[in-house]
There are 2 protein chains.
Amino acid sequence: MQIGELARRARTQAETIRYYERVGLLPETARTQGNYRVYDDRHVARLSFIRHCRGLDMSLEEIRALLRFADAPDESCAGVDALLETHIEHVTRRIKTLQSLKQQLQRLRKTCAATKETRQCGILNELSAHSRPPPDAPVEHVGGTHGIRNG
Amino acid sequence: MQIGELARRARTQAETIRYYERVGLLPETARTQGNYRVYDDRHVARLSFIRHCRGLDMSLEEIRALLRFADAPDESCAGVDALLETHIEHVTRRIKTLQSLKQQLQRLRKTCAATKETRQCGILNELSAHSRPPPDAPVEHVGGTHGIRNG
DNA sequence: CTTGACCCTGTAGCCGCTACAGGGTTTTCA
DNA sequence: TGAAAACCCTGTAGCGGCTACAGGGTCAAG
């Protein structure tokens, strides 16, 4: 099968597949005479695995690590388990951050209830105040509020 | 004051300030003879405002919108309020996504409990399965699990 | 023999910075 | 006076994880 069919089967885009090859998540494949990439079912499985992990918001680095375990089946399952635990911690931390964020935003919004002009808008005043929430902790790896950068 | 002091006062980095100027969040300032940017207290206020909003995980686009309200004090506070509401929705949605993610990950981790070798690692098997969680909704704008991209 | 569907490589863009390189200016101190 | 240090400047490239082109080649059907 060629890249288009692989893309359909793994619900991805051809460009993403080529990207994964470029960054070493998918192996370089055989080519046809016309220089088209050729894939088989194992590629479908591997790509589906990757997309599944991405759906679970793992980074490509984490997935790379998982794939190393999958590729070396004699290593202990413990590594996989540990990686997953770490990832769950990241997610948990991110949830907590977002929850406190949400509270702050809601408090802020109430500030507006009274006044009705920007001139004296409580929100803007609050936001101008110097006190700031602590920055989002020693940059771990669970993204911001805005747009997961893929489709 | 010059850029370094502004940076210290607003707890930012000079490079970030120049970046904000470049993308139009901060105005272009006067310069000294030696071509150094010159700032005053209003710049501190504006930059603190921006950093505060960033601390609340707003996008620069949202902040730009807020600044427009702040710059045009006759417009209604309602716009500010609406913007905030939208942002809160983003955050709420992201929290929900992450929570369901976490559940999936925890289920996955239990799969491992029995077997102890990757060869038959339940996690890897599960992850290879074709069923995938739905992608993270029509890309709104609250980032992934990994690393808020600033300090 | 042309159309169209598919494929290729390479590069630039998204966000919000960060981190240089390679220079200039100003202050400080011997 | 002159050197070092501390500050500033512009410009460019990088992060992650793609996406979206431009500008071409290949292949099957009509």
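Heavy atoms only: backbone and side chains are in, while hydrogens, waters and symmetry mates are out. The sequence lines fix the lettering, A, B, ..., with proteins before strands; numbering per chain opens at 1.
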(request) Return yes if the base of C:dC20 and the side-chain atoms of B:Glu15 contain a donor-acceptor N/O pair under 3.5 Å, otherwise no. (result)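 Indeed there is one.
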
(request) Ignoring hydrogens and angles, answer whether the base of D:dT26 and the side-chain atoms of A:Tyr36 contain a donor-acceptor pair closer than 3.5 Å. (result) yes

Respond yes when some side-chain nitrogen or oxygen of [X] is under 4.0 Å from OP1 or OP2 of [N], and no when none is.
X: B:Arg22; N: D:dG11; value: no
X: B:Thr16; N: C:dT18; value: yes
X: A:Arg31; N: C:dT9; value: yes
X: A:Gln13; N: D:dC18; value: no
X: B:Arg18; N: C:dA19; value: no

(request) Give the C-alpha distance, both sets of side-chain angles, the deciding distance and a yes or no for side-chain contact (heavy atoms from CB on, under 4.5 Å) between A:Leu98 and B:Asp57. (result) CA-CA 9 Å; A:Leu98 287 179; B:Asp57 227 353; 3.8 Å; yes

What's the [atom1]-[atom2] distance between [X] and [N], to the nearest Å?
X: B:Met1; N: D:dC8; atom1: CE; atom2: C1'; value: 16 Å
X: A:Tyr19; N: C:dG10; atom1: OH; atom2: P; value: 17 Å
X: B:Asn35; N: C:dG24; atom1: CG; atom2: P; value: 13 Å
X: B:Glu21; N: D:dT10; atom1: CD; atom2: P; value: 7 Å

(request) Decide yes or no for A:Leu60 and A:Tyr19: does some side-chain heavy atom of the first lie under 4.5 Å from some side-chain heavy atom of the second? (result) yes

(request) For B:Arg37, report the nucleic acid contact type (base, sugar-phosphate, nothing); a contact means any heavy atom under 4.0 Å. (result)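 Result for B:Arg37 = sugar-phosphate.
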
(message) Whether the side chain of A:His87 engages the backbone of A:Leu56 through a donor-acceptor N/O pair (distance < 3.5 Å, no angle test) should be reported.
(response)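 Yes, the answer is positive, given that a donor and an acceptor are paired below the 3.5 Å cut-off.
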
(message) Hydrogens and angles aside, do A:Tyr39 and A:Arg46 bring a side-chain donor and acceptor to less than 3.5 Å of each other?
(response) no

(request) Would you kindly compare B:Gly34 and A:Tyr20 by the position of their nearest DNA chain D nucleotide and give the one closer to the 5′ end? (result)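 Checking each residue's closest nucleotide, the 5'-ward one belongs to B:Gly34.
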
